[in-house]
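The sequence lines fix the lettering, A, B, ..., with proteins before strands; numbering per chain opens at 1.
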Amino acid sequence: MLFVEFRFLAFFGLVLAACWALRHNGARKTFLLLASYAFYAAWDWRFLGLILLSTVVDGLAGRRIHEADEDDTRRRAWLGLSLAVNLGILVTYKYFDFFAGSLNALLDWLGLGSSLPILDLVLPVGISFYTFQTLSYSIDIYRRKLTPARSPLDLALFVAFFPQLVAGPIVLAKEFLPQLAERPRWASVDARAAIVLFFVGFVKKSCFSDALSPYVDAVHLAPDAVGAAGAWLSAVAFAAQIYCDFSGYTDMAIACAALLGYALPTNFMAPYLTRTMGAFWTHWHITLGRWFREYLYFPLGGNRRGPARNAANLFIVFLVSGLWHGAAWTFVLWGALHGLFVAAERTRLGAGLTRLPLLPAILYVNLVWMISMVIFRSPTLDGALTLLGTMVSGGSAAPEAPPIPPWLGPVLAGAFALHVVWQRVDLSRRWASLPGPLFGLIMGAAVAAALPWVTADPAPYIYFAF
Amino acid sequence: MRSMLPVLTFCVGLTAVNQVMVALAPLPAAAGLRSKVEFALEHADDYDVLFVGSSATMYGLRPEVFSEELERLGYPQVRAFNLGVGGMGSFEAAQVLRQVLDEEPARLAWVIYEEPLFDPLLWYPDVHNPRYVHWHDGRSTLDAIDALPLVGSPPGHKQEQYAEDWLGRFDWRRAVAKEHLDLWFWRASALGRGPEILDEFLGRGPAAEPSPEELAMHDGWVNIGLDVQPGVRQAHERFMERSGEWTQRLAGITAAEANAGPLDGRYDLPSLNSLLGDIRAAGAEPLLYVAPRGVASPQMASLAARGTAGEVLRFHLPERYPELNPLELRWDFSHLNAEGADVWSRLFAREFARHLDATGAAALRR
């Protein structure tokens, strides 16, 4: 059930009405939890078991860690259990085949012969997101930054809350659990701002991302046939597509949560207008960067152990971040590339990059991003290298190259306008603060104007695959 | 009340812009529908007679020959336009005709309408094709849904699909009704029409096919021998290979028509009456016919026998119109060639003149 499907709108409408009709906080949370499970079951009910397992293990581990108080051995043991179960599930479903396949290839290459089994498991949707969320719960209790959830219901809702269950933002337990203590009040909900955000997210995904995806898909299906212009255009188109896709989802997730009375953290802040790659990562998928900073970069030592160790730490974090996105060498290379640039910007040699004038700086960031995203998007390394080679060498297109759709220009311009104008001028806030009748009039007109651009057969969100 | 004001203005904004979008969305170009309808709307006042039907009409009736023959029979200066479009069923044809009638055509005296079977089933696997979407205005959608109880079974190739639909599990007709409502929503919201609207706005839309000049030259008739669509050529080749089956087909028609009983409860009389009412309200007279498509039409036989819709000209009957059945007049099993079109158009004019003589109806509205 995608957020841009009409059945989701119906589902959400019902949940919204029922939620605000329920007066008792416990009943409200129970209903929301059941709705969240139903939402997830609409994808694949079989994987509900994994969510329940994570919830039960973390609930138990969190409580035991808290109760162990001064007994560090017990605390570590329970944290170890939480990490083992959560990461075990993630590794089994997401990475086992990748590592086994890579090891098989390596051993074959060495002539040692190997036949590690390939499990061919279906990747449960949203597993990387909710696993990171549940890990934050037990780790924060271990670090004494959080006390266990008041009730198993609160914890279960934190893990499964449907607006952010399958593709974030990655919410930390310490910022979400306190919101569950009391029933939200409708008076404190900025409904207009939420409606605007939902609409903008809908437009980003349904009108822009889904319009760009067929051309990008076609280019990556036939990288050999594409000429330089097509390759560059598809790189620009994919940069626009993934922004509209992911930030569109996030906008809708934040808006849905807001309408239900809960606040989710911001995930995007005009990333394509940043001036360094380091800054880019504080404006793109902000909650993932925050998670890695808090639970990997700082434990590795952050920047406290000298420049060399800092560079190594950054590189490790981005390498893991690459793997978080997908179990393939293209993602590893993509992560490594970002790690290199972010680390390089902190060296004396690379510091020049951080002092570029505004436009060259933005161009630098976008160029690195677009080129790295060719690797990210390609199903194979060969395909990525072919496209990058064409982009550099300026090859011409073969007759079977996918034609460039005539409306690609307007769609890219629209996506650009949404990215720049919307966030820089804060149109969302201005729109939401208009007098009610004018707000309604413009919203109605905007919905009617957007509908002809809605793709009737929406593609799954790109980040659902992670 | 004040809290409802934003909702009200939302509806106003939505409706106003939606109406503009729907108006900007071009008609479907497939099978020449767009150029024919646009031409008919633009020249609505130029014609006395309108033929509405499928490809059998589009390829088979030459208005210029029809008029010429009528003149010879004492009905001069009758101008007819062929609004036949390939694959056009009754609901689509009725919707297209209503668009033309809404223009209040000044001269229109007769609407000659092909075989109104009013089949509410959606046969194409790609339900959201532009033509299905286009004919699903509110009225046609409701008419089609109303007609569903009259249908005995769904198309074979869609049975599985309907059985899997949660609505279809109770009754497959609900799944079809859902399809109709879905199509209505697509049309009413102009869903997904943005690229076409933009192309149209920038003057990059597809070229009109057939061109207005071609339509004007033959008053809407299309010479099947000059139609470059691959399907047309393939149908001709298939017919040439299996032309021996033609005689059997004709025998089959005779047998099926002989067994036609009274009009049963499965025929959609309300849709027919509504169509006839609309034609008469526009100041024209309806006349129904069955094209020589090489298939039987027992329902039209029953309708003709019942007499509700007046006379039904049944050109598919081999023994009544043997001059339409020689192999050399046919392009394929369903269509006449250009020579056959000449023959049928003259024959049609003669039957029409006879009908005028017999009913005493005025041929023209001047």
Just by distance, which donor-acceptor pairs between chain B and chain A come in under 3.5 Å?
from: B:Thr9; atom 1: OG1; to: A:Pro437; atom 2: O; distance (Å): 2.7
from: B:Thr9; atom 1: OG1; to: A:Leu441; atom 2: N; distance (Å): 3.4
from: B:Gly192; atom 1: N; to: A:Leu451; atom 2: O; distance (Å): 3.4
from: B:Gly192; atom 1: N; to: A:Pro452; atom 2: O; distance (Å): 3.2
from: B:Arg193; atom 1: N; to: A:Pro452; atom 2: O; distance (Å): 2.9
from: B:Gly194; atom 1: N; to: A:Pro452; atom 2: O; distance (Å): 2.6

Can you tell me how far apart SG (A:Cys19) and CG (A:Leu14) are? Round to the nearest 0.5 Å.
11.0 Å

Measuring centre to centre across the rings, with the benzene-like ring taken for any Trp, is A:Phe162 within less than 6.0 Å of A:Phe11?
yes

Please classify the contact of A:Pro435 with chain B as side chain, backbone, both or neither, using a heavy-atom distance under 4.5 Å.
neither

Counterpart residues, salt bridge (charged side-chain N to carboxylate O under 4.0 Å, His left out), relative to B:Arg233 (two or more places apart):
none

Is any side-chain heavy atom of B:Phe91 less than 4.5 Å from a side-chain heavy atom of B:Val96?
no

If you tally heavy-atom pairs under 4.5 Å between each of A:Ala450, A:Gly436, A:Gly440, A:Pro405 and chain B, the highest tally belongs to A:Gly440

Specify which of B:Gly194, B:Ala16, B:Pro195 makes the most heavy-atom pairs with chain A at under 4.5 Å.
B:Gly194

B:Leu191 versus chain A, heavy atoms under 4.5 Å apart: side chain, backbone, both or neither?
both

Scanning both residues in full, the closest heavy-atom pair of B:Val222 with B:Pro210 reads CG2-CG, 4.2 Å

Considering only heavy atoms and a distance below 4.5 Å, find which of B:Ile197, B:Val12, B:Leu198 pairs most often with chain A.
B:Leu198

Classify the ring geometry of B:Trp123 against B:His157: parallel below 30°, tilted from 30° to 60°, perpendicular beyond 60°.
tilted

Beyond-backbone contact of B:Leu275 with B:Leu97, side-chain heavy atoms, under 4.5 angstrom:
yes

Lys/Arg-Asp/Glu bridge criterion (N-O < 4.0 Å) met for B:Asp137, B:Arg139:
no

